[in-house]
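No experiment lies behind these values; they were computed from the predicted model shown. Chain A is the first sequence line, chain B the second, and so forth, proteins listed ahead of strands; every chain is numbered from 1.
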Protein chains: 2
Amino acid sequence: MLIRVDSAAARPLAEQIAASVRRALAEGELAPGDRLPSARETARLLEVNMHTVLRGYQILKAEGLIDLRPGRGAVVTATPERARIPELIDHLVEGARGAGVTDAELLSLVRSALGGPDQAGS
Amino acid sequence: MLIRVDSAAARPLAEQIAASVRRALAEGELAPGDRLPSARETARLLEVNMHTVLRGYQILKAEGLIDLRPGRGAVVTATPERARIPELIDHLVEGARGAGVTDAELLSLVRSALGGPDQAGS
DNA sequence: CTCATTGTTCTAGCATGATGCGAACAATGC
DNA sequence: GCATTGTTCGCATCATGCTAGAACAATGAG
């Protein structure tokens, strides 16, 4: 099965679903244009609620990895390379949190790393 | 102030407290033998509950960074180098989660990276 | 157009975790 | 002895994740 979850894990089910797709995408198991199984279908197979699956799909949509449209379903839009970006960002953010770096400080650091002006604050 | 917290952040307060101390430790602001402010004192200053501060301290104790004893308070036991380890582990775990790597798989990867035998599963 | 499929939105309820609050207890160091 | 400090109870409150059911709207095939 493409998407797998562990209901016993502390990780929210929706995030597990998103992570499954992200991983399949990064490993080339999914390509741009491919269609994910419908939320209702996936919910039945995983024995979770449809809303939970949709929530996972919405995460991927917000990350720009898939496209969601009623009647057509969830379509992959990102390349494997593109799929790794959200995960890298996740690393960065979690690392900053663990180090006690505030969100504002992190943003400032990223901005300066991008070569732009350091315009933190108002 | 040594410990700072943002009650508006999504991050749990106890984890923010632990992150603050971890960062101070890693940056050399705290050295082995130093004593953290008492939980009651910190709670008053941060305007949070004492239990929340103690919960943060317990996290640090579980990570082996400080020593907790009634009547004596919270004493730093870790070197700055040692203090960075929990945060590095946190990066790794969060990265694995974001990539859809299961905990068992991650453990296996770490084991093999350490040169030991790959004895995943039962 | 007709219709099944699919995502979207809404409301509601339940379980869990984080936090707060109060109190009593035990260990430490003066 | 005594003040200080962490430890351990129990309980209340609030936010979040998940489930549940229903109606709605967009899409694509016939």
When rounded to whole Å, the CG to C1' distance for the pair B:L54 and C:dA18 reads 15 Å
Whole Å only: how far is the CZ atom of A:R44 from the P atom of C:dG7? 14 Å
Are B:R44 and B:E41 ion-paired here, with the side-chain N under 4.0 Å from a carboxylate O? yes
When you measure from the side-chain N and O atoms of A:R35 to the phosphate of C:dT6, is any distance below 4.0 Å, counting only OP1 and OP2? yes
So, are A:E94 and B:R97 salt-bridged, with charged N and O less than 4.0 Å apart? no
Distance, rounded to the nearest Å, where A:M50 contributes CE and C:dC10 contributes P: 14 Å
Look at B:Q58 and D:dG6 and indicate whether a side-chain polar atom (N or O) is within less than 4.0 Å of OP1 or OP2. no
Sole residue of B:L65, B:L60, B:V76 in side-chain contact (heavy atoms from CB on, under 4.5 Å) with B:V21: B:L60
Minimum-distance nucleotide (side-chain atoms of B:P70 versus D:dC18, C:dC21, D:dT7): D:dT7
Sorted by position of nearest nucleotide on DNA chain D, 5' first, the leading residue of A:T52 and A:R69 is A:T52
B:N49 has an atom CG; how far is it from atom C1' of C:dG20, in whole Å? 5 Å
Does B:H51 make a side-chain donor-acceptor contact with the base of C:dG22, cut-off 3.5 Å? yes
Nearest to the side chain of A:K61 - C:dT8, C:dC21, D:dG6? C:dT8
Side chain of A:R55 (C-beta onward), nearest among C:dT8, D:dT7, D:dT19: D:dT19
Interatomic distance where CD1 belongs to A:I66 and P belongs to C:dG7 [whole Å]: 9 Å
Among C:dG20, D:dC18, D:dG6, which nucleotide has an atom closest to any side-chain atom of B:V48? C:dG20
B:T42 vs B:L36, side chain to side chain contact (heavy atoms under 4.5 Å, CB included): CA-CA, chis, key distance, verdict: CA-CA 9 Å; B:T42 302; B:L36 298 183; over 6 Å; no
To the nearest angstrom, the OH-P distance between A:Y57 and C:dT9 comes to 17 Å
Given atom CG of B:D67 and atom P of C:dG29, what is their separation to the nearest angstrom? 11 Å
On DNA chain D, more 5' by nearest nucleotide between A:E47 and B:G71 is B:G71
Among D:dG28, D:dC18, C:dT28, the one nearest A:A14 by side-chain distance: D:dC18
Any donor-acceptor N/O pair under 3.5 Å between D:dG6 base and B:R40 side chain: yes
For the pair made of CG in A:L13 and P in C:dA15, what is the distance, rounded to whole Å? 17 Å
Can B:D67 and B:R72 be counted as an ion pair, charged N to O under 4.0 angstrom? yes
